[in-house]
Amino acid sequence: MLEGPLKYELLHKDKHSNARRGRIYTPNGIIETPVFMPVGTNGTVKALKNSDLKDIEAEIILGNAFHLFLRPGLEVLKNAGGLHKFMNWDRPILTDSGGFQVFSLRDRKISDEGVLFRSPLDGSKIMMTPELSMEIQMTIGSNIAMAFDECVEAGAERKYVEESVDRTFEWAKRSYKAHTKKDQALFGIVQGGFHEDLRDRSLKQITSIDFDGFALGGLSVGEHYSETERILKHSGPKLPEDKPRYIMGIGTPLIILMSVENGMDMFDCVLPTRMGRHGTAMTWEGKVNLKAGKWKYSTEPIDNKCDCYACQNHTRGYIHHLIRKDEILGKILLSIHNLRFLINFVKEVRKAIEEDRFLEFKEEFLSNPNNVY
Ligand SMILES: CNc1nc2cc(C(N)=O)ccc2[nH]1
Ligand SMILES: [Zn+2]
């Protein structure tokens, strides 16, 4: 029986690495971990209907507080009874706090109060604060909300990163205080850039607050994957073992494997759907650019190991044609395929962990240099 908004169950630890198999219980359903979470920024995973998401066995999707706040706005979401009802999705939803999006805007002004920026929609001035971010996420009614934090860019000066870590801690405390929705989990986010000592400082600060789960933020911000791995190795296994561990913005097979090896449970990324819309497929033999002329006459499926609708019903030649003609169906088929590929990939990762052969699985997959991306 689920007492609170979320329960994490550690089912098995791989004997030869920090990889772990678990299960997250929420009021909207169970999430098997490690899990890849499709991103549905505006209340839709681009190009997929809800039935497509269920066909590919998506167990949880993301929404974004910043975008949903701007449009359709809190009044519409309140009137609809929250995002689940608004989009008629009855499985778990996680919302990002909006921090990452706000920091991606050019003219934003950061202070201890929050971040002042101009709405990209109508130019009006908005002050995003931990309190407003919590109000937005509580109105959305996601199962998992994220504390409001500052995601620092990869090349930031150490002194700035240091100040930012302490600001993120103050914002984490304000987020926790403002978060009053008891049936919604709240995750804290550890920052610290690419400095191990600042990562330790942020970890100590953020884990001093009784969050329902913990995320590693400030990664996948343009750094080389060896830098991502360095921080993953340093911080991943130090996150509390009894709660879910989420690395934000991660979504290639390589970095998912690195993350799992270092104890992470949850990943999200726009890459599979974005790549799909632009004609690139993820396969068990690496990326395939279906825009390329060499696929014009192909009667093969995207990936003959894949069970998705696109691979079961269409050929590379047909999808090549659709992408070349910029047909909506091409974007739909490749988005379905790429998400199903990642969901199947992580399913195989879960099996490998259960059988204590995760490192062999990782080595075998990465032995094909086309899979290193
Ligand atoms: C796509 N990369 C990415 N890095 C992220 C970092 C954060 C964060 N809060 O540090 C959030 C979303 C992110 N997405
Ligand atoms: Zn497929």
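Remember, it's 1-based here, ligands and their atoms both numbered in the order they're listed. The figures here come from the full heavy-atom set of this structure, side chains too, leaving out hydrogens, waters and symmetry mates.
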Determine, stepwise, if the pair F211 / Y176 fulfils ring pair (Phe, Tyr, Trp, His ring centres under 6.0 Å). CA-CA 8 Å; F211 286 116; Y176 188 78; 5.7 Å; yes
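- Of the listed residues (D212, I60, I31, I30), just one forms a side-chain contact (heavy atoms from CB on, under 4.5 Å) with I24, and that residue is I31.
- With respect to atom 12 (C) of ligand 1, the closest heavy atom belonging to the protein is F100 CG, 3.5 Å.
- Other residues sharing a hydrophobic cluster with M127 under the 4.5 Å side-chain heavy-atom criterion for ILVMFWY residues are L116.
- The nearest N/O/S atom of H337 to the Zn ion (ligand 2) is ND1.
- The closest approach between any non-hydrogen atom of M146 and ligand 1 is not below 4.0 Å.
- Close approach to G217 involves these atoms of ligand 1, each under 4.0 Å from a residue heavy atom: 8 (C), 10 (O).
- For atom 4 (N) of ligand 1, the candidate residues are L219, I189, D149; the nearest heavy-atom contact is made by L219.
- The Zn ion (ligand 2) lies at the vertex of an angle of 110° between the SG atom of C308 and the SG atom of C306 (rounded to 10°).
- For atom 10 (O) of ligand 1, the closest non-hydrogen atom of the protein is G218 N, 2.7 Å.
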Yes or no on ring pair (Phe, Tyr, Trp, His ring centres under 6.0 Å) for F117 and F66, after CA distance, side-chain angles and deciding distance? CA-CA 12 Å; F117 66 96; F66 173 74; 5.5 Å; yes
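- Of the protein's non-hydrogen atoms, the one nearest atom 2 (N) of ligand 1 is S220 O, 2.8 Å.
- Of the candidates I93, I61, D96, S142 forms a side-chain contact (heavy atoms from CB on, under 4.5 Å) with just one, namely I93.
- Across R20, R350, R21, a single residue satisfies salt bridge (charged side-chain N to carboxylate O under 4.0 Å, His left out) together with D265, and that is R20.
- Of all the atoms in ligand 1, the ones that sit under 4.0 Å from a non-hydrogen atom of Q191 are 8 (C), 9 (N), 10 (O).
- A salt bridge links R158 to D197: one of the charged nitrogens lies within less than 4.0 Å of a carboxylate oxygen.
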